[in-house]
Enquirer: 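Dropping the structure in here first, questions after.
These figures come from a predicted structure and were not determined experimentally.
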Amino acid sequence: MLHPPELEHLHRPDPDARPTVELRNVTAGYNRSKVLQDVDLKIMPGDFVGLLGPSGSGKTTLLRVVLGAVDVQQGEVRVNEKPIRGRNNRAGYVPQLETIDWNFPVTVEETVMMGRTMANPWLPWYRKHEKELAYDMMQRLGIADLAKRHIRQLSGGQQQRVFLARALASSPDLLLLDEPTSGVDLKTRDDVMHLLHDLNHAGVTIVMTTHEINAVAVHLPRIVCLNGTIVADGPPHRVITPHILREVYGAEMPVIQYHGMTLVAESAHFWIDRNGGEPLATVPDDSHREPVMSHAHPTSGNVPEHHHHHSDPE
Amino acid sequence: MALLEPFEFGFFVRAIIAAFLVGGLCAFMGTYIVLRSMSYIGHGLAHAIFGGAVVSSAMSFNFFVGATLWGFLSALLIAWTTRKNPIGSDAAIGIVTTASFALGIAIISRNHGFTHDFEAALWGSVLAVERADIIAIAVVTIAVAAVFFFAYKMFLFNTFDSDVARFYGIPTAWMDAVFALMLAGTVVVSMRVLGVTMIAAAVVIAPIVARLLTNSFVKMTILSTLIGIMCSVIGIYMSYFINVSSGASVVLLSAGVFVAALAWSRIRRALSRSPADAPGLSRLPDGSLE
């Protein structure tokens, strides 16, 4: 259990705070297609937001809108209450580990320093205080002693830390992470989520995308459900309901509340009671886990690629 | 002494100076080309520029300016073709550069007059190097060195991960355009020494050898440049004695160095393998743990 719901009150927004990023009625996409429509979203200082939705729901596009890297066709994006034109220089971005070229000849230190590139773009070296900042960041994330290593010579969790350190080295107002838990093993996923919670408690504003409901989304203080537009926005126990999940994923997903913890049966073939798919009140024992024929639930045939990990609630 | 005999000829001294600069320049640019998996565009651009050189010559336009512009426009045309149409970049390079090369050949075959000069451009010739060539090579070398010195951090990030570099505010489209211009300039000034058909190897082999020997970007750049200079100078020096065209001589020597480096890195890797190695470590080029 990464983030007990009891801690939720710590994240209650300060009424005087000004949004770090605000999207007003934004429609955005590539060329003429519209990936996102009519999106209204406020990200407040200290927020930890998970963007949840199936593939093609606009999670990555929304991140890019916040980065200022997608054409906004309608509406307005405001950063620190000012409309932005072009790029949002106040955001630090952490890419998916799967997109990194691990054969590229760079060390941990060189990679982290990349975050400082645009601080003095025409200076061929880094200033002393920049090196110290990067070193502090590496120390904070526990990778300072790996500084001279090649990026391939690291564990998954360490690799994720390198790219977090790079993003933090640019002193951003908020951190944006694209699927930080995708393609990593279970232990790394836990490491990364703990680390992000620690950073958030230290005051870093975080927005991340995820498609993992049980392993990631339900542990975040705030979830934004996407399906081309924002379907729901709030804490997990409000947002993770069968009704909302049906709208987001187009599939029946029973939700189980267990000792204040939210659990979703991500594949409709499992855990559904034979009498009509009402959510079970408790975690069923093994005898209930037998696959149930889907004839009772016509929509269950549409479950979009979520056959993995209906795993332990940790 | 027989070994110093070639240096008695002015043309040979010019050729060695040109070889020194061209070898270093190509290998330096090659580091970025290899790391961005752009080797094929280097090969294609050399052919496209040959067409540009012939057209410039036929129109009595300045060879260096005309051919560089032609190469630069070819690179932009390739980028445009890939972006605006459902055509892969490999196919776009194949079409644009080969068509340009074919245009050059077509003009030559209609005007038998300047066949000899372009034979040098195709295969490389030490006899072709003139004073103006050396000045042109020096100008491009200085320009490339200055651009990379001042924009080093931006080029490193853009080479490592262009998409993310854009999110960090790096003007990636501008950097790619400047890079294409510098690459076109490099190919144009190298053409007469190494030959159109041999340039790709001169650009690719030295950085690959350097990559086999180090895991650091800065070290790779320096090593690549040194290896490029060495292969080019020794290759052209050898070409005098074995009576082989200069481009072929340089490329064959480089290929030999590559084979030796590959063997060396495999031996080192085999020797350093131990159960304590982390997963994926065995795929490291130098096999070292630290």
Enquirer: So which of A:P121, A:P95, A:G92 has the biggest tally of heavy-atom pairs under 4.5 Å with chain B?
Expert: A:P121

Enquirer: Against chain B, label A:L176 side chain, backbone, both or neither, depending on which of its atoms sit under 4.5 Å from a heavy atom there.
Expert: neither

Enquirer: Quick one: what part of A:W125 sits under 4.5 Å from any heavy atom of chain B, side chain, backbone, both or neither?
Expert: both

Enquirer: For atom CG of A:D71, decide whether the heavy atoms of other residues, nucleotides or ligands shown that lie under 6.0 angstrom number more than 12.
Expert: no

Enquirer: For a 4.5 angstrom cut-off between non-hydrogen side-chain atoms, does A:T117 reach B:I170?
Expert: yes

Enquirer: With a 4.5 angstrom heavy-atom cut-off, is it the side chain or the backbone of B:M220 that approaches chain A, or both, or neither?
Expert: side chain

Enquirer: Counting only non-hydrogen atoms closer than 4.5 Å, does A:I151 touch chain B with its backbone (N, CA, C, O), its side chain (CB onward), both, or neither?
Expert: side chain

Enquirer: Less than 4.5 Å apart, side chain to side chain, heavy atoms only: is that true for B:L156 and A:F104?
Expert: yes

Enquirer: Treating B:K153 as the side-chain partner and A:R116 as the backbone partner, does any N or O pair qualify as donor plus acceptor under 3.5 Å?
Expert: no

Enquirer: Contact part of A:M114 toward chain B, heavy-atom cut-off under 4.5 Å: side chain, backbone, both or neither?
Expert: both

Enquirer: Taking all atoms of both residues into account, what is the closest heavy-atom pair of A:A167 and B:Y168, and its distance?
Expert: CA-OH, 3.2 Å

Enquirer: With only heavy atoms counted, which part of A:L123 is less than 4.5 Å from chain B, the side chain, the backbone, both or neither?
Expert: both

Enquirer: If you compare all heavy atoms of B:F160 against all heavy atoms of A:R166, which two are closest, and at what distance to 0.1 Å?
Expert: CE2-NH1, 3.7 Å

Enquirer: Between A:T111 and chain B, with a heavy-atom cut-off of 4.5 Å, which part of the residue counts as in contact: side chain, backbone, both or neither?
Expert: side chain

Enquirer: Out of A:T107, A:T99, A:N120, return the one with the most heavy atom pairs under 4.5 angstrom to chain B.
Expert: A:N120

Enquirer: Minimum heavy-atom separation for B:S216 to A:E110, with atom names?
Expert: OG-OE2, 4.2 Å

Enquirer: Less than 4.5 Å to any heavy atom of chain A: does that hold for the side chain of B:Y152, its backbone, both, or neither?
Expert: side chain

Enquirer: Return yes when atom CZ of B:F20 has more than 12 non-hydrogen atoms of other residues, nucleotides or ligands closer than 6.0 Å, and no otherwise.
Expert: no

Enquirer: Counting neighbours of CZ on B:F150 that are heavy atoms of other residues, nucleotides or ligands and sit closer than 6.0 Å, is the number greater than 12?
Expert: no

Enquirer: Atom CZ of residue position A:R78 - does it have more than 12 heavy atoms of other residues, nucleotides or ligands inside 6.0 Å?
Expert: yes

Enquirer: Is any side-chain heavy atom of A:D101 closer than 4.5 Å to a side-chain heavy atom of B:D161?
Expert: no

Enquirer: CZ/B:R211 to CG/A:N103 distance, rounded to the nearest 0.5 angstrom?
Expert: 6.0 Å

Enquirer: Out of curiosity, B:T214 OG1 to A:H150 NE2, how far, rounded to the nearest 0.5 Å?
Expert: 9.0 Å

